[in-house]
Amino acid sequence: MQKEILAGKTALVTGASRGIGKAIALKLAEEGANVVVNYLNSQTQANFIVNEINKMEKGRAIDVKGDVTDILSIRRMARIIDDEFGGIDILVNNAGQLLRPQYWKDVTERVWEQSLKINLQGPLLCIQTFVPMMERRGGGKIVNIASMYGITGSAFVPAYTAAKAGLINLTLGLAKNLAPQINVNAIAPGNIATEMTNSAGDDFLEQIVSETPLKRLGTPEEVADAVLFLSSPMSSFITGHVLVVDGGLLLQ
Ligand code: NAP
């Protein structure tokens, strides 16, 4: 029988209780990784995912509550992960949030600060905390979940897209800092069918689908496939890359 491509590796996926993070956790587990399913509020969903993974009888999974905007909470997660798995090899910075109001005139100081905290500072704090663990194990892979709108900008969600643009830039810089032991890449999804996208409303979704060359929203599993690629030896000579997963929308 062929060995799974991530057998023996341990991955932390932040914000893995639902949406894209859930699909990533399941995908990495299918390929044999031990998976830490991080969540903030959705404990029942996180438990469910852990059970699904453990039923696969490949890698082992645990769920860990933790807030990526809070360094003490991240350090607590790190201690639990160290005790359970002795470190990680793969960090997927997926946790993110699209707060409202976002229209440029209406963005409040709280929304601006919180948008940067969760979507940009959170990944940095996780990287600062978990890179020493990865180095102890001889290297690893970091995948930051940014957004296509972090490349194009958006007339509707500037606080969110400014943070995602920052995350792309951080990815490029850290790819240089952490080479040659650690590959650092980003994924820039377009519009993916999750609760975050559904909250944008039917009119927006219809317009987006009509403007997307592939004429549909993406699925969380399609983003997870890209994460698997960037987490595995299949991408061993790729670092500082932004992989766009958007059904061609960027071509417009
Ligand atoms: P989602 O369905 O809203 O899920 C967000 C996840 O993040 C949840 O698991 C949530 O955990 C977790 N989370 C939120 N705040 C957190 C915090 N402070 N600490 C730890 N976890 C936290 O979002 P999604 O659509 O799957 O998006 C996932 C990522 O992809 C985000 O970074 C998003 O910006 C990015 N993205 C999404 C799209 C899209 O079209 N959906 C497009 C481009 C980029 P709890 O449920 O436990 O609170």
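Start at 1 and go down the list; that is how both ligands and their atoms are numbered.
Note on E221 versus K27: no salt bridge recorded, every NZ/NE/NH1/NH2 to OD/OE distance being 4.0 Å or above. We find that K117 and D70 are not joined by a salt bridge, their nearest charged nitrogen and carboxylate oxygen being 4.0 Å or further apart.
Counting the atoms of ligand 1 from 1 in the order shown, those under 4.0 Å from a heavy atom of R18 are 1 (P), 2 (O), 3 (O), 4 (O), 8 (C), 9 (O), 10 (C), 46 (O). In summary, the atoms of ligand 1 found under 4.0 Å from a heavy atom of T197, numbered by their order in the structure, are 39 (C), 40 (O), 41 (N). Under a 4.0 Å criterion applied to the non-hydrogen atoms of N38, ligand 1 contributes the atoms 20 (C), 21 (N). Residue contact check: N191 has heavy atoms under 4.0 Å from atoms 40 (O) of ligand 1. Per-residue contacts place D67 under 4.0 angstrom from the following atoms of ligand 1 (heavy atoms of the residue considered): 17 (C), 18 (N), 19 (N). When each atom of ligand 1 is checked for a heavy atom of N94 under 4.0 Å away, the hits are 28 (C), 29 (C), 30 (O), 31 (C), 32 (O). Contact atoms of ligand 1 toward I192: 39 (C), 40 (O), 41 (N) (distance under 4.0 Å to a heavy atom of the residue).
Looking at N119, L40, I145, V64, it is I145 that brings a heavy atom closest to atom 35 (C) of ligand 1. Proximity annotation for atom 7 (O) of ligand 1: of A163, G15, G218, G15 comes nearest, heavy atoms only. Nearest-heavy-atom check against atom 43 (C) of ligand 1 across P220, A23, P189 picks out P189.
The shell of residues lying under 4.0 angstrom from ligand 1, judged by heavy atoms, excludes K65. Residue contact check for ligand 1: Y160 places a non-hydrogen atom closer than 4.0 Å to it. Residue contact annotation: S73 has no non-hydrogen atom under 4.0 Å from ligand 1. Within the structure, ligand 1 has G190 among the residues with a heavy atom less than 4.0 angstrom away.
Looking from atom 25 (O) of ligand 1 to the surrounding protein, the closest heavy atom is T194 OG1, 2.5 Å. Protein heavy atom closest to atom 11 (O) of ligand 1, with residue, atom name and distance, is S17 OG, 3.3 Å.
In this model, a donor atom of one side chain and an acceptor atom of the other lie less than 3.5 Å apart for T219 and E222.
One finds the OH atom of Y160 at 10.5 Å from the CD atom of Q97 (value rounded to the nearest 0.5 Å).
In K22, neither the side chain nor the backbone holds a heavy atom less than 4.0 Å from any atom of ligand 1. Counting heavy atoms closer than 4.0 Å to ligand 1, residue T14 contributes nothing at all. Contact annotation for L98 and ligand 1: no heavy atom of the residue comes within less than 4.0 Å of the ligand. Contacts of A146 with ligand 1, taken as heavy-atom pairs under 4.0 Å, involve the backbone alone.
Looking at T10 and R137, their side chains come closer than 4.5 Å, going by heavy atoms from C-beta outward. Considering only heavy atoms from C-beta on, V111 comes within 4.5 Å of P101 through its side chain.
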